[in-house]
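Everything below concerns the one structure shown next.
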Amino acid sequence: MSETAAFFRRALRHRSFVAGGLLTALVLGMALLSLVWTPYVATALNIRHRLALPSATHWLGTDALGRDVLSLILAGAQNSIMVAVVSVGIGLLLGSLLGFLAAARRGWIEELVMRFADFTYAFPAILSAIMFAAILGPNALNSIIAIAIYNIPIFARVVRAAANSVWARDFILAARAAGKGAFRITIEHVLPNILSVIVVQATIQFALAILAEAALSYLGLGTQPPTPSWGRMLNEAQSYVFRAPLLAVWPGIAIAMAVLGLNLLGDGLRDLTDPRLARRR
């Protein structure tokens, strides 16, 4: 049996991985579906039917402006995933480059990279978003920049620690003896050996990015109207919490489902890619 087939066989027996994969697939499916179809135009107003209860016409009801809640949830999934993918992608790229550089060069370069990471880590996503909003105004781009800045030192630290452990191995010494440079060793030997660590960390950070985007939108610092956003839906629902409590329930469930699914998926990937844990299963 090939290694890939063996991996998927173990993955299908891992409850956390399967549950996380199903929840994540559902959220991705919602986002993809919203690209081609929603029950109604997500931004269409219908004041005559505002705060309608769930029915055959509006499956999840309508909000204070008469917008179909299901359409907003579906379109909001697209926005959350877009912000998370771009911000985590930027953090992953820049942070990994810094981590690889620190592990390959060591000495003062490693010290400089790590102190830069410590400095950047002192600016949480919300604090950075407040700063950018004060200077440039609130929008989705500022959310992406703020979340990306928060992710850079995280990936730099993780990659540097994992890469350092690989650089200490005997086969790296053999590669050096063969005349390979630091860049070639990093690409051919270090990266393949820590790729699973990077993937697991990216999955976890993706979940945190969705949560951060929702928090920033809730505070009015992220995605602006009329673009649908789960966080802003929660903000708008708080004014009607006693009159229409379900308005806060649906986006809350969507956020919880996305974050829970990605966290379970990340835990499952960690267990499946760790040789010590894999041998126990």
Side-chain angles (χ1 to χ4, degrees), residues 11 14 16-35 73-99 117 120-121 123-126 128-129 140-159 161-162 191 194-218 221-223 227-232 234 251-274:
H14 196 291
S16 176
F17 180 85
V18 172
L22 290 175
L23 288 174
T24 302
L26 180 58
V27 174
L28 289 174
M30 290 165 56
L32 293 175
L33 179 63
S34 70
L35 292 173
I73 293 291
L74 293 175
Q78 180 187 151
N79 174 72
S80 294
I81 290 175
M82 183 274 295
V83 171
V85 167
V86 176
S87 59
V88 173
I90 295 173
L92 170 63
L93 177 61
L94 297 181
S96 296
L97 289 175
L98 290 174
T120 309
Y121 196 68
F123 293 90
I126 292 180
S128 298
L141 179 60
N142 292 339
S143 295
I144 292 173
I145 296 173
I147 298 171
I149 290 175
Y150 175 75
N151 277 292
I152 290 174
I154 294 176
F155 281 106
R157 288 177 171 182
V158 169
V159 170
L191 177 58
I194 69 169
L195 187 59
S196 61
V197 176
I198 297 175
V199 170
V200 170
Q201 189 64 42
T203 305
I204 295 172
Q205 294 308 123
F206 194 80
L208 294 177
I210 289 179
L211 195 59
E213 188 279 331
L216 292 173
S217 296
Y218 177 84
L221 302 173
T223 305
T227 305
S229 169
W230 291 342
R232 200 176 63 254
L234 285 174
I253 290 176
I255 295 171
M257 184 171 62
V259 174
L260 177 62
L262 286 164
N263 278 325
L264 290 175
L265 186 62
D267 288 342
L269 285 172
R270 181 197 60 200
D271 294 346
L272 292 168
T273 55
D274 189 323

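Scanning for side chain to side chain contact (heavy atoms under 4.5 Å, CB included) contacts around A202 gives F155, with sequence neighbours left out. Listed by chain and number, the residues in a side chain to side chain contact (heavy atoms under 4.5 Å, CB included) with L260 are L23, L264 (sequence neighbours excluded). With sequence neighbours excluded, the residues satisfying side-chain hydrogen bond (donor to acceptor under 3.5 Å, both in side chains) with Q205 are N151, Q201. The side chain to side chain contact (heavy atoms under 4.5 Å, CB included) search around L141 returns N139, I145, not counting sequence neighbours. Every residue meeting the side chain to side chain contact (heavy atoms under 4.5 Å, CB included) condition with V18, not counting sequence neighbours, appears here in chain and number order: L22. With sequence neighbours left out, the side-chain hydrogen bond (donor to acceptor under 3.5 Å, both in side chains) criterion links S34 to Q78.
Residue pairs meeting the side-chain hydrogen bond (donor to acceptor under 3.5 Å, both in side chains) criterion with at least one member in residues 18-28, sequence neighbours excluded, do not occur. Residue pairs meeting the salt bridge (Lys or Arg N to Asp or Glu O under 4.0 Å) criterion with at least one partner in residues 199-218, sequence neighbours excluded, do not occur; the list is empty.
The minimum heavy-atom distance linking I210 with S80 is given by the pair CG1-O, 4.2 Å. Among all heavy-atom pairs drawn from A31 and I81, the shortest one is CB-CD1, 3.6 Å. Considering every non-hydrogen atom in both S87 and A209, the closest pair reads OG-CB, 4.0 Å. Scanning all heavy atoms of the two residues, the minimum distance from I73 to W230 falls at O-NE1, 3.0 Å.
Under the 3.5 Å distance criterion, with hydrogens and angles disregarded, a donor-acceptor pair is assigned to the side chains of S217 and S229.
Atom OG of S96 and atom CG of L191 lie 8.5 Å apart (nearest 0.5 Å). The structure places NE2 of H14 at 5.0 Å from CG of L272, a figure rounded to the nearest 0.5 Å. With rounding to the nearest 0.5 Å, the separation of OG1 in T223 from CG in N79 is 3.5 Å. Rounding to the nearest 0.5 Å gives a distance of 7.0 Å between CD1 of I204 and CG of N263. Between atom CG of residue L74 and atom CG of residue L33 there is a gap of 5.5 Å, rounded to the nearest 0.5 Å. A distance of 8.0 Å separates OG1 in T227 from CE in M82, rounded to the nearest 0.5 Å.
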- Query: Can you list the steps and then say if I152 with L98 is a side-chain contact (heavy atoms from CB on, under 4.5 Å)?
  - Reply: CA-CA 9 Å; I152 290 174; L98 290 174; 4.0 Å; yes
- Task: Determine, step by step, whether I255 and L234 satisfy the side-chain contact (heavy atoms from CB on, under 4.5 Å) criterion, reporting the C-alpha distance in whole Å, the side-chain angles of both residues, the deciding distance to 0.1 Å, and the verdict.
- Result: CA-CA 10 Å; I255 295 171; L234 285 174; 3.7 Å; yes
- Working for side-chain contact (heavy atoms from CB on, under 4.5 Å), residues I147 and L216: CA-CA 10 Å; I147 298 171; L216 292 173; 4.3 Å; yes
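Considering L195, D267, L269, V158 as possible partners of V200, the one that fulfils the side chain to side chain contact (heavy atoms under 4.5 Å, CB included) test is L269.
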